[in-house]
Each structure stands twice: as structure tokens, then as C-alpha cells.
Chemist: 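Encoded as C-alpha cells, here's the structure I'll be asking about.
Model, not experiment: these values are computed from the prediction.
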Amino acid sequence: VSDPNYLYVTNSSDLMVTKDGGDNWISISEGLPVEPITRIAISKNDPERVWITLGGLSEGEKVYYSETAGQQWQNISAGLPNVPVNCIVHQRNSENQLYVGNDIGVFQRKDGDPEWQLFSNNLPSVIINELEIHEASGKLRAATFGRGIWEVETIFSAVEPLVINGFEADINTIQEGERVNFS
């Protein structure tokens with residue numbers, strides 16, 4: 001979480017944000033199509049950067065992006081098929097590396113790319129219900145409808161040192177029998 005004071009919520013049609021931990025809420029749905037909002041992703045680097053996915057069947061209205069905590073929205077749906085988009089994740093340590101799961105698979109959008117590309121390496125055409133990036137391993141994991149879990153390396157799979165409450169590990173990938181030193 002880039003800032004715990006920023007919270008985004010939806011009831012499927014209205015999208016709201018608070019920047020003060022929940023004391024004051026504002027609607028940020030203006031400029032968005034009237035389609036069900038299926039997921040919200042917040043940048044791991046900047047709480048003002050947010051993406052939403054839409055589950056409707058309106059051509060070209062699948063993913064929207066804001067750099068201003070929802071005050072202005074940009075349609076970034078180019079390259080996605082006309083099926084509902086169910087989930088989205090943002091890759092830490094990247095500007096705009098994104099993955100979406102829709103009703104036929106996983107798509108990616110690399111930093112600077114104008115369009116989404118299919119990213120379903122050996123994944124059959126299947127509904128993707130959930131996407132998560134396992135930061136420690138650099139793996140993207142997809143929960144599917146009826147096909148279990150699918151896993152693949154992300155584009156940015158290099159792992160940065162993990163820092164928790166002031167602790168650092170001298171290595172991030174541990175093989176059996178190796179020693180890890182914490183400081």
C-alpha cells in the first residue's frame with residue numbers, strides 16, 4: 001500500500017475515494033461508462049494512480065486509469081477483446097506494468113505500450129476470477145473458473161530486497177541449505 005489514508009470503494013456502479021483514512025469521501029465516477037466496476041488496483045508507488053476494470057459488454061470500455069485519484073479518467077482498453085474484465089494487478093517497481101484477467105485469459109500491458117497483449121502462456125481459454133503477484137518469487141498467479149491456479153513469471157521478476165520493520169535479508173531467493181543473514 002502506497003498510502004493507507006487513500007481508500008477506494010465501489011458498489012459496482014459508483015466509485016468513491018477518501019484521502020484521509022475515511023473521514024471524507026467523494027464520488028469519482030464522473031467520466032466513467034455506466035458498466036459494473038469489477039476491480040480496483042492502486043499503484044504500489046503512488047496512491048493517486050488508480051485503475052479500474054469493467055465487466056460489461058460495451059466495446060472498448062474495459063479498463064480506465066487515473067493519475068489524479070479519479071478526478072480525470074483515461075480509457076486504456078485498446079487491444080482487449082469485448083468480454084468482461086474481472087480483475088487487474090499493478091506490478092510493483094514499474095510505472096504501468098499491468099495484468100488483467102477477463103473471460104478468456106490473461107492480458108498484459110507493459111510500460112509504454114499503447115495496447116494490451118495476450119499473456120496466457122500455456123493457459124487455456126478460461127475465465128480468470130482473480131490475479132495476484134507473489135512479490136517474493138516474481139510470479140503472477142491466476143485463479144480460474146474450473147481450471148485451478150495458473151502461475152507464470154512476471155515481466156519484472158527481479159526481486160528487490162525485502163524490508164520489514166527495519167529488517168533486511170542479504171539474499172532474497174533461498175535454496176535449500178542456504179543461510180540468510182538479517183540486519
Chemist: Mind checking ring-ring contact (aromatic ring centres under 6.0 Å, His included) for W116 and listing every partner two or more places apart, or none if nothing turns up?
Modeler: none
Chemist: For the residue pair E35 and S58, confirm or rule out a side-chain donor-acceptor distance under 3.5 Å.
Modeler: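 Yes, S58 and E35 have a side-chain donor paired with an acceptor closer than 3.5 Å.
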Chemist: State, with a plain yes or no, whether a side-chain heavy atom of I52 is found less than 4.5 Å away from one of Y65.
Modeler: no
Chemist: Looking at every heavy atom in both G22 and L7, which two are closest together, and how far apart are they?
Modeler: N-CD1, 4.4 Å
Chemist: Quick one: pull up CG in L118 and OG in S125 and give me the separation to the nearest 0.5 Å.
Modeler: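 One finds 9.0 Å between CG of L118 and OG of S125.
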Chemist: Report yes if some heavy atom in the side chain of K19 is under 4.5 Å from a heavy atom in the side chain of N5; otherwise report no.
Modeler: no
Chemist: Quick check: closest heavy atoms across D3 and P47, and the distance to 0.1 Å?
Modeler: CB-CG, 3.6 Å
Chemist: Between Y64 and W73, does the ring centroid distance fall short of 6.0 Å?
Modeler: no
Chemist: Any side-chain to backbone donor/acceptor pair from T144 onto I149? Under 3.5 Å, distance only.
Modeler: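 Flag not set: sc T144 to bb I149 has no pair under 3.5 Å.
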Chemist: With F107 as reference, evaluate V100, I88, V63, L98 under the side-chain contact (heavy atoms from CB on, under 4.5 Å) test and give the passing residue.
Modeler: V100
Chemist: When clusters are formed by joining ILVMFWY residues with side-chain heavy atoms under 4.5 Å apart, either directly or through shared neighbours, do W51 and V17 land in the same one?
Modeler: no
Chemist: Under 4.5 Å between side-chain heavy atoms, hopping through other hydrophobics if needed: is there a path connecting Y8 to I37?
Modeler: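 Hydrophobic grouping puts Y8 with I37.
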Chemist: Got a salt bridge between E115 and R109, using NZ or NE/NH1/NH2 to carboxylate O under 4.0 Å?
Modeler: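 R109 and E115: not salt-bridged.
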Chemist: Are any of the side-chain nitrogens in R141 or E151 under 4.0 Å away from the carboxylate oxygens of its partner?
Modeler: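 Yes, R141 and E151 are salt-bridged.
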Chemist: Transitive ILVMFWY cluster of F145 at side-chain heavy atoms under 4.5 Å: who else is in it?
Modeler: I127
Chemist: Between S13 and S29, what is the shortest heavy-atom contact and its length?
Modeler: O-OG, 3.9 Å
Chemist: Is it the case that one hydrophobic cluster holds both I76 and V89, taking links as side-chain heavy atoms less than 4.5 Å apart, direct or via other members?
Modeler: no
Chemist: Using the ring of each side chain (for Trp, its six-membered ring), is F119 parallel, tilted or perpendicular to Y99, with breaks at 30° and 60°?
Modeler: tilted
Chemist: If you measure from CD on Q74 to OG on S66, what distance do you get to the nearest 0.5 Å?
Modeler: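 Reported to 0.5 Å precision, the distance equals 9.5 Å.
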Chemist: When you measure from the side chain of T18 to the backbone N and O of N24, does any donor-acceptor pair fall under 3.5 Å?
Modeler: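 Between the backbone of N24 and the side chain of T18 there is a qualifying donor-acceptor contact (under 3.5 Å).
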Chemist: Just do the side chain to side chain contact (heavy atoms under 4.5 Å, CB included) check on H90 and Q97 with the steps written out, would you?
Modeler: CA-CA 6 Å; H90 169 250; Q97 174 66 32; 5.7 Å; no
Chemist: Rounded to the nearest 0.5 Å, how far does CG of N45 lie from OG of S2?
Modeler: 7.5 Å
Chemist: What is the distance from atom CD of Q91 to atom NZ of K44, rounded to the nearest 0.5 Å?
Modeler: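 The CD atom of Q91 sits 9.0 Å away from the NZ atom of K44.
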Chemist: Are the side chain of T10 and the backbone of D14 linked by a donor-acceptor contact shorter than 3.5 Å?
Modeler: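 Side chain of T10 to backbone of D14: a pair is present.
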Chemist: Side-chain heavy atoms under 4.5 angstrom apart, residues restricted to Ile, Leu, Val, Met, Phe, Trp, Tyr: same cluster for I40 and I28?
Modeler: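 Same cluster.
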Chemist: Please list all pairs passing the salt bridge (charged side-chain N to carboxylate O under 4.0 Å, His left out) test where one or both residues lie in residues 51-73, with sequence neighbours left out.
Modeler: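 Those involving residues 51-73 do not exist here.
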Chemist: Can you name the one residue among V83, N82, I128 that meets side-chain contact (heavy atoms from CB on, under 4.5 Å) with N102?
Modeler: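 Exactly one option meets the side-chain contact (heavy atoms from CB on, under 4.5 Å) with N102, and it is V83.
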Chemist: Within the side chain of T38, is there an N or O that forms a donor-acceptor pair under 3.5 Å with the backbone of V85?
Modeler: yes
Chemist: Kindly compute the distance separating CD1 (I26) from CG (L15), expressed to the nearest 0.5 Å.
Modeler: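 Reported value, rounded in 0.5 Å steps: 10.0 Å.
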Chemist: Quick one: do L54 and L57 end up in the same hydrophobic cluster if we chain Ile, Leu, Val, Met, Phe, Trp and Tyr together by side-chain heavy atoms under 4.5 Å apart?
Modeler: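 No, it is not one cluster - the side chains of L54 and L57 are not joined through contacts under 4.5 Å.
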